[in-house]
Amino acid sequence: MTPPTLYLFGSAAPPLFDVAKVIEAAQSDGWDVCLGLTPTAGRWLRESIDGLAVLTGHPVRSEYGLPGEVDPWPAADAILFAPATFDSLNSWALGLSQDFVIGVVAEAIGKGVPTVTVPCLTAALARHRQLDRSVTELREQGVGVLYGEGGFVPGADADYPWDAALAAVRQTLTGPA
C-alpha cells in the first residue's frame, strides 16, 4: 500500500525555516511529502533546495511545468499550506493564481482535495479588513484555516502551530477523533 501524499506548501515567513523538521514529522506520520514554495520562499531556501529534495524524494517546486511535461509529483491526498502570508492568502481567496503554489491550492478547492492553511503575518496586516474577507472566503469553500484560537494568532508570543497544522491535515484523512 502506498502512503498518502501530502503537498506541503510554504510562503516566505520565518516559520518556513522549520520546513525540514515539518517534513520529517509528516513522514513519521506516514505521509509521502512533496514540497512547493512561493517564488520568494524558494529564494529564502535556495541553499537548502537540493537537501530538501533528497529528504522528500521529490523535486522541490516553485514554478509551473511546461505544457506536455509529465508531473513529477504523485496526486495529492491532502495539502498543507503553511506558513501562508498575507499576500498568499489574499491571492488565493481572490483566485489570483499567478504562482504555482497559489494555482495548485486554488484548483484544490475545485478538485475537492482536503486543504489546511495556517497564516503567518504581522499584527498590523491582521488589522487590514481584506484578511478577514479572505479567511471567510477560504473557510466557506471548505479550506481549514487555522487562524485565531487553536491556530496562528498575530502578535502572540507563541510558537508557530506546526503540530496543530499536522494534526488538522491528519484529520482530513481519518475524520474526527
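- Under a 3.5 Å cut-off, the side chain of Ser28 and the backbone N or O of Ala26 do not form any donor-acceptor pair.
- Under the 4.5 Å side-chain contact rule for hydrophobic residues, Leu138 and Leu94 do not share a cluster.
- In this structure, Tyr64 contributes its side chain and Asp99 its backbone to a donor-acceptor pair below 3.5 Å.
- Side-chain N or O atoms of Gln27 include one that pairs as donor or acceptor with a backbone N or O of Leu55 at under 3.5 Å.
- Put simply, OG1 on Thr85 and CG on Leu121 are 8.0 Å apart, with the number rounded to the nearest 0.5 Å.
- Between Thr5 and Cys34 the shortest heavy-atom distance is CG2-SG, 4.0 Å.
- In terms of heavy atoms, Cys120 sits closest to Ala13 at SG-CB, 3.8 Å.
- In this structure, the side chain of Asp32 does not engage the main chain of Pro4 through any donor-acceptor pair within 3.5 Å.
- Residues Leu6 and Asp29 fail the side-chain proximity criterion, which asks for heavy atoms closer than 4.5 Å.
- The shortest side-chain heavy-atom distance between Gln171 and Pro114 does not fall under the 4.5 Å cut-off.
- For the residue pair His128/Asn90, the side-chain donor-acceptor check at 3.5 Å is not satisfied.
- At a threshold of 4.5 Å between non-hydrogen side-chain atoms, the residues Ser134 and Phe86 do not count as touching.
- Aromatic ring orientation, Trp44 versus Phe17: parallel (interplanar angle below 30°, classes split at 30° and 60°).
- Taking 4.0 Å as the cut-off between side-chain N and carboxylate O, Asp163 and Arg170 do not count as a salt-bridged pair.
- Annotation: Glu63, atom CD; neighbour count of heavy atoms from other residues, nucleotides and ligands within 6.0 Å does not exceed 12.
- Nearest heavy-atom pair, Ile102 versus Ser97, reported as atom, atom and distance to 0.1 Å: CG2-CA, 4.0 Å.
- Identified under the salt bridge (charged side-chain N to carboxylate O under 4.0 Å, His left out) test for residues 107-123, with sequence neighbours left out: Glu107-Lys111.
- At least one side-chain heavy atom of Leu131 sits less than 4.5 Å from a side-chain heavy atom of Leu89.
- At least one donor-acceptor pair closer than 3.5 Å links the side chain of Thr122 to the backbone N or O of Leu125.
- There is no path of hydrophobic side-chain contacts, each under 4.5 Å, that joins Val118 to Val153.
- Counted by atom type alone, Glu140 and Thr136 present zero donor-acceptor pairs between their side chains at under 3.5 Å.
- Counting heavy-atom neighbours within 6.0 Å of Glu47 CD, excluding the residue itself, gives a total of 12 or less.
- Within the 3.5 Å criterion, the main-chain N or O of Leu37 finds no donor-acceptor partner in the side chain of Arg61.
- Within the 4.5 Å cutoff, the side chain of Ser11 has no heavy atoms near those of the Leu16 side chain.
- Classification of the Tyr160-Trp162 ring pair by plane angle, with boundaries at 30° and 60°, yields perpendicular.
- Under the rule for a side-chain hydrogen bond (donor to acceptor under 3.5 Å, both in side chains), the partners of Arg43 that lie at least two apart in sequence or sit in another chain are Thr40.
- Using a 4.5 Å heavy-atom cutoff, the side chains of Ser62 and Val101 are not in contact.
- Proximity of a side-chain donor or acceptor of Thr117 to a complementary backbone N or O of Phe81 within less than 3.5 Å is detected.
- The environment of CG in Asp71 is crowded: more than 12 heavy-atom neighbours from other residues, nucleotides or ligands sit within 6.0 Å.
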Decide side-chain contact (heavy atoms from CB on, under 4.5 Å) for Val116 and Thr172; before the verdict, give the C-alpha distance in whole Å, the side-chain angles of both, and the deciding distance to 0.1 Å. CA-CA 9 Å; Val116 173; Thr172 68; 4.1 Å; yes

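- Here the side chains of Ile79 and Phe9 are in contact, with some heavy-atom distance below 4.5 Å.
- A single hydrophobic cluster is seen to contain both Leu173 and Val22, as judged by linkage of ILVMFWY side chains at heavy-atom distances under 4.5 Å, directly or through other members.
- Considering only heavy atoms from C-beta on, Ile109 stays 4.5 Å or farther from Thr115 through its side chain.
- Remark: the backbone N or O of Val60 is not paired with any side-chain donor or acceptor of Trp73 at under 3.5 angstrom.
- A side-chain donor-acceptor contact under 3.5 Å links Trp92 to the backbone of Val105.
- When only modelled atom types and interatomic distance are considered, Ser91 and Ser88 share no side-chain donor-acceptor pair under 3.5 Å.
- The two residues His58 and Pro72 have their closest heavy-atom pair at ND1-O, 4.1 Å.
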Which is it for Leu146 and Phe152 under the side-chain contact (heavy atoms from CB on, under 4.5 Å) test, yes or no, and what are the steps along the way? CA-CA 6 Å; Leu146 302 184; Phe152 179 79; over 6 Å; no

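- Of all heavy-atom pairs between Trp31 and Asp77, the closest is CZ3-CB, 4.5 Å.
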